[in-house]
Amino acid sequence: MTSEFGDLVQIKKQLISIIAQCKERGLVHSVKWASELAFSLDPLPLNEIPPALELTEEDARDLDALCLAKSYFELKEYDRAAYFLRGCRSQKAYFLYMYSRYLSGEKKKDDETVDSLGPLEKGQVRNEALRELRVELSKKHSAGELDGFALYLYGVVLRKLDLLKEAVEIFVAATHALPQHWGSWLELCNLITNIEMLKSLSLPECWVRDFFMAHMFTELQMIKEALQKYQSLMEAGFAKSTYIISQIAVAYHNIRDIDQALYLFNELREQDPFRIENMDTFSNLLYVRSMKPELSYLAHNLVEIDKYRVETCCVIGNYYSLRSQHEKAALYFQRALKLNPRCLGAWTLMGHEYMEMKNTSAAIQAYRHAIEVNKRDYRAWYGLGQTYEILKMPFYSLYYYRKAHQLRPNDSRMLVALGECYEKLSQQVEAKKCYWRAYSVGDVERMALLKLAKLHEQLNESDDAAQCYIIYIQDIFSCGVRGLYSNSCLTTPFSCYKFTVNHGLTGLIAFIKRLFHIRSKVSQNKTEQMKCNDINKNSILPPNNVVPQKQLWLQQSGCRATHRSKQRCVLLCRVIYNSFERGSTNQNQAPELSVL
């Protein structure tokens, strides 16, 4: 944390000043960001409020033309605004002149594509004004005549022309020229691909840099560092900032801490009930939790606020997707992309919907557009891997899964997917490494050890397979009843007991009983009553140390033994029994497990 945060009064003054400057230039998003931060700080007394910026001789001469052009600009008559500014010489008027021409080109590009092309082809249309703007801004830059705002615009033009290296240099120069302008920092965020590139940049020492670093850590999936940085910012005086609360909620969403993210989003909606920004991320969390009533309420609420916002369309799309109406969901994601072709979430979610509709070619296009918008989006890389896996193209899917893994090195889902690809390519050694790594980093779906055990068994490595199964059982048993009967842990002590009997593995019955502390024999009638379903949320969990109550609770809430769980249990019993039979002369003697 820089020493700049020692004087919040000065920060507040800088925020008030940058708000005024951005307003004059029509940079509404930077105005909003600075205004939210300023609102979170204590108000200044009258004598501390900074005065309006003094006008230069050129500003005074261009004042009338600037006021006229600004009125046209706010009405989105960009060509008209540029026409009346063409002869002005002040820095303020020059920026508005160039910015009007840029926005005019963007508006014409959108007008050409909305009706004639679908959202999947939008990236083929270019802003025709970009090349001219680049030539003029380049001459001014060489002469050293661009201020911080003009440098920001020059960087945007370079980025739009895919001159990314030059754009990074210009945005860094813009942050040095005007450190308080958040727009330059945010554009720079979109061009940084890894932590090494971030460390190589020479950035100004300013309080805005801490906000930039926190945002950058979140984008690079360095969530621990991002949360620490945001916590420091809150302790420095920005505890009331809704921007910081929303960023922390997004960070928890990225690490799949759904409960904490939901709590923060609900708190954010209490503080700012008409907020639309980040509500698409909130809807993703509600979708994952299958909270249909809450998602329905959110969608209706956002429609009442503004039905033509990108986030609103994404929320409605998620709602229809949760109802398995995938055609309607895809339609709303397409609407979101008509409003903003660079909406990353809409591209990715539309790819998911096309996958549900078995339209793999459209899904691949959508995921590729998402990557064009942001190469750091691991979901798009992972989606491409899944698509090519369905198309039975393992070499392609391996490439995309590797990309996703590079972005999320500690995500077990990427590692399990890599392991499955290596298995299909008969690279068992690499597959085993991936499965074990997935277990080591914290297996979200609890599938890595089971896949590793099955792979060991296919390679006739029964001892290693047995050890994996034993560790798996110990892990789910240590989670208690909730862990034992969760969606990812369908193998239960009772189903194990049932299958040992059904498959004639009598020597293993004592082992299963000992492992799960079943002291009374379960009758055939009781086992047939174990119908399968997820644990009812309203079920009352019994104390972990009362075995009869566990059995009674099981009969009430039920437990589904699916085909996959049956296979797991049979494999488990068969492998452990073979290992036990080699190591013991007495089949009825259960092996000792020191961990239990």
Side-chain angles (χ1 to χ4, degrees), residues 22 25-30 69-70 72-86 88 93-142 146-171 173-174 181 183-191 308-310 334-347 365-366 368-375:
C22 291
R25 292 165 175 82
L27 299 170
V28 291
H29 292 289
S30 294
K70 186 65 167 47
Y72 296 146
F73 181 91
E74 291 176 349
L75 293 170
K76 298 185 178 181
E77 299 183 41
Y78 302 121
D79 288 327
R80 195 177 182 189
Y83 176 80
F84 285 98
L85 289 170
R86 66 191 187 281
C88 297
Y94 179 74
F95 172 83
L96 196 60
Y97 168 66
M98 300 298 283
Y99 193 39
S100 297
R101 292 172 59 189
Y102 166 76
L103 290 179
S104 174
E106 289 292 297
K107 187 172 181 293
K108 290 173 183 175
K109 181 190 75 171
D110 292 341
D111 290 344
E112 289 175 6
T113 56
V114 165
D115 297 325
S116 60
L117 296 175
L120 292 176
E121 290 81 26
K122 273 196 169 187
Q124 300 173 3
V125 182
R126 291 275 187 176
N127 182 344
E128 297 297 333
L130 291 176
R131 297 188 183 279
E132 292 181 9
L133 292 173
R134 182 202 169 195
V135 172
E136 295 180 34
L137 287 167
S138 176
K139 292 179 180 178
K140 288 275 189 178
H141 179 247
S142 300
L146 297 182
D147 63 357
F149 289 109
L151 285 169
Y152 158 74
L153 180 58
Y154 185 27
V156 170
V157 170
L158 292 173
R159 177 180 63 76
K160 287 280 188 176
L161 291 170
D162 294 326
L163 301 172
L164 303 184
K165 185 177 178 181
E166 295 90 335
V168 170
E169 295 175 358
I170 296 300
F171 283 130
H181 180 215
S184 300
W185 295 95
L186 197 57
E187 287 289 344
L188 188 58
C189 279
N190 297 328
L191 299 177
Y308 297 111
R309 280 284 292 271
V310 173
Q334 289 175 358
R335 289 183 182 180
L337 291 167
K338 284 185 177 181
L339 294 169
N340 181 10
R342 293 187 59 81
C343 179
L344 175 64
W347 282 118
Q365 277 188 295
R368 289 190 185 280
H369 276 286
I371 291 169
E372 287 178 9
V373 174
N374 186 354
K375 290 183 172 58

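One is the number of the first residue; the rest follow in order along the sequence. Every value quoted in this text rests on a predicted model; they were computed, and no experiment measured them.
With rounding to the nearest 0.5 angstrom, the CD atom of Glu77 is 13.5 Å from the CG atom of Leu103. For the atom pair CG of Leu130 and NZ of Lys109, the computed distance is 8.0 Å after rounding to the nearest 0.5 Å. Taking CG of Leu164 as the reference point, atom CZ of Phe171 lies at 10.0 Å (rounded to 0.5 Å). The CG atom of Leu191 sits 14.0 Å away from the NZ atom of Lys165 when rounded to the nearest 0.5 Å.
Listed by chain and residue number, Tyr72 satisfy the ring pair (Phe, Tyr, Trp, His ring centres under 6.0 Å) test with Phe84 (two or more places apart in sequence, or in another chain). With sequence neighbours excluded, no residue forms a salt bridge (charged side-chain N to carboxylate O under 4.0 Å, His left out) with Glu169. With sequence neighbours left out, the side chain to side chain donor-acceptor pair (under 3.5 Å) criterion links Arg342 to no other residue. Contacts of Glu128 classified as side chain to side chain donor-acceptor pair (under 3.5 Å), with partners at least two apart in sequence or in another chain: none. For Phe73, the ring pair (Phe, Tyr, Trp, His ring centres under 6.0 Å) partners at least two apart in sequence or on another chain are Tyr78, Tyr99.
For the pair Glu136 and Arg101, the minimum side-chain heavy-atom distance is below 4.5 Å. Counting heavy atoms from C-beta outward, Arg134 and Leu163 have side chains that approach closer than 4.5 Å. Taking 4.5 Å as the limit, some side-chain heavy atom of Phe149 sits within range of a side-chain heavy atom of Cys22. Using a 4.5 Å cut-off on side-chain heavy atoms (C-beta onward), Val135 and Lys139 make contact. Contact annotation: the side chain of Lys70 approaches that of Glu74 to within less than 4.5 Å [non-hydrogen atoms, C-beta and beyond]. No side-chain heavy atom of Arg80 sits under 4.5 Å from any side-chain heavy atom of Leu75.
Within the 3.5 Å criterion, the main-chain N or O of Arg368 finds no donor-acceptor partner in the side chain of Trp347. Listed for the Asp79 side chain is no donor-acceptor partner under 3.5 Å among the backbone atoms of Ser104. A donor-acceptor distance shorter than 3.5 angstrom exists from the side chain of Arg86 to the backbone of Tyr83, with no hydrogens or angles considered.
Residue Ala129 comes nearest to Asn127 through the heavy atom pair N-OD1, 3.0 Å, listed as atom of the first residue, atom of the second, then distance. The shortest heavy-atom contact between Val373 and Pro341 is CG2-O, 4.3 Å. Scanning both residues, Ala69 and Ala81, for their nearest heavy atoms gives O-CB, 3.4 Å.
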Residues 151-161, side-chain donor-acceptor partners within the protein, below 3.5 Å, at least two apart:
residue	atom	partner	partner atom	Å
Arg159	NE	Glu187	OE1	2.8
Lys160	NZ	Glu106	OE1	3.3

